[in-house]
Amino acid sequence: QVQLVESGGGLVQAGGSLRLSCAASGRTFSSYGMGWFRQAPGKEREFVARISPGAGRTYYADSVKGRFTISRDNAKNAMYLQMTSLKPEDTGVYYCAADPKVRPYSFTDYSKISAYEYWGQGTQATGSS
């Protein structure tokens, strides 16, 4: 089983920045598609971003496009989410997720929770108004 641990959450004023990290166990990390999800109070967990195993492809929710950047360092078994220009609506618990399945280039379900098999425990990020 894969273990994922998020870190880097915190509270910043609107317009500020945070960098979230996800540390993964195992030696097959480089073969996993990885994603970030978030869950605001009273809302369903929603897709934020995904990165392909080799980092050649990234996908973002429209709500964060242009403000957030997903990246990974396979040598360190780590994934990151650089968040800038934070808004109050970005507030929530951010979860790291791993997809161990081989996906075709045309894979379109990357925003679905069901596409990911392993999840971290989450880290709180708050963009205060």
Side-chain angles (χ1 to χ4, degrees):
Q1 297 287 343
V2 174
Q3 294 181 340
L4 304 171
V5 180
E6 302 94 337
S7 62
L11 189 154
V12 296
Q13 286 193 313
S17 300
L18 283 172
R19 191 193 194 204
L20 306 184
S21 297
C22 172
S25 66
R27 64 184 193 89
T28 55
F29 174 79
S30 62
S31 69
Y32 298 165
M34 299 292 295
W36 286 100
F37 287 74
R38 68 187 182 190
Q39 188 166 20
K43 294 186 177 181
E44 297 294 317
R45 192 170 301 186
E46 67 174 354
F47 169 76
V48 176
R50 179 182 171 100
I51 188 166
S52 62
R57 287 172 287 128
T58 58
Y59 305 89
Y60 297 92
D62 288 342
S63 59
V64 307
K65 195 170 298 181
R67 299 187 298 119
F68 291 10
T69 301
I70 189 171
S71 61
R72 67 191 297 161
D73 186 341
N74 287 342
K76 296 181 178 180
N77 272 26
M79 179 183 64
Y80 309 96
L81 185 68
Q82 179 66 52
M83 306 188 293
T84 61
S85 301
L86 282 164
K87 304 175 180 179
E89 51 263 46
D90 294 320
T91 295
V93 177
Y94 282 71
Y95 297 91
C96 172
D99 173 15
K101 294 184 177 180
V102 177
R103 305 295 191 181
Y105 188 85
S106 59
F107 182 59
T108 57
D109 290 340
Y110 52 81
S111 66
K112 295 184 177 179
I113 292 173
S114 60
Y116 301 84
E117 185 170 344
Y118 305 107
W119 295 82
Q121 72 274 59
T123 186
Q124 175 72 36
T126 301
S128 64
S129 60

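Any value given below was found using the heavy atoms of this structure, including those in side chains, with hydrogens, waters and symmetry copies removed. Starting from 1, each residue takes its place in the sequence as its number.
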- Geometric cation-pi criterion, R72 with Y32: 6.0 Å, 45°: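 Here R72 fails the 6.0 Å and 45° test against Y32.
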
- Query: Is Y94 reachable from L18 through a run of I, L, V, M, F, W or Y residues, each pair having side-chain heavy atoms under 4.5 Å apart?
  - Reply: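 L18 and Y94: one cluster.
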
- F68, M34: one ILVMFWY side-chain cluster at the under-4.5 Å cut-off?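 Yes, F68 and M34 fall within the same hydrophobic cluster.
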
- Only one of T58, V48, V64 passes side chain to side chain contact (heavy atoms under 4.5 Å, CB included) with I70; say which it is.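 By the side chain to side chain contact (heavy atoms under 4.5 Å, CB included) criterion, I70 pairs with just one of T58, V48, V64: T58.
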
- Message: If we check side chain to side chain contact (heavy atoms under 4.5 Å, CB included) with E6, which of these qualifies: T123, L81, L20?
- Response: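 In the set T123, L81, L20, the residue that makes a side chain to side chain contact (heavy atoms under 4.5 Å, CB included) with E6 is T123.
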
- Task: Any pair with a residue in residues 90-102 that passes salt bridge (Lys or Arg N to Asp or Glu O under 4.0 Å), sequence neighbours left out, goes on the list, sorted by first then second residue, please.
- Result: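 Listed once each, the pairs are R38-D90, R50-D99, R67-D90, D99-R103.
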
- Item | Side chains of Q124 and T126, donor plus acceptor under 3.5 Å |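 There is such a pair (donor and acceptor under 3.5 Å, judged by atom type) between the side chains of Q124 and T126.
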
Closest approach of [X] and [Y], non-hydrogen atoms and distance?
X	Y	answer
S129	A14	CA-CB, 4.5 Å
Y60	A49	CD2-CB, 3.7 Å
G56	S52	N-OG, 3.1 Å

Check for a donor-acceptor pair, side chain of [X] on one end and backbone N or O of [Y] on the other, with a separation under 3.5 Å.
X	Y	answer
N74	P53	yes
S25	Q3	yes
D73	A78	no

- Query: Taking it one step at a time, do Y80 and C22 satisfy side chain to side chain contact (heavy atoms under 4.5 Å, CB included)?
  - Reply: CA-CA 6 Å; Y80 309 96; C22 172; over 6 Å; no

From [atom1] ([X]) to [atom2] ([Y]), nearest 0.5 Å:
X	Y	atom1	atom2	answer
S85	K87	OG	NZ	8.0 Å
T69	M83	OG1	CE	11.5 Å
S128	L11	OG	CG	5.0 Å
F29	L4	CZ	CG	8.0 Å

- Connected-component partners of Y116 among ILVMFWY, side-chain separation under 4.5 Å: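 Other cluster members: F37, F47, Y59, V93, Y95, F107, Y110, I113, W119.
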
- Message: Does atom CD (Q82) have a neighbourhood of more than 12 heavy atoms from anything else shown, all under 6.0 Å?
- Response: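 Yes, because the 6.0 Å sphere around CD of Q82 holds more than 12 heavy atoms from other groups.
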
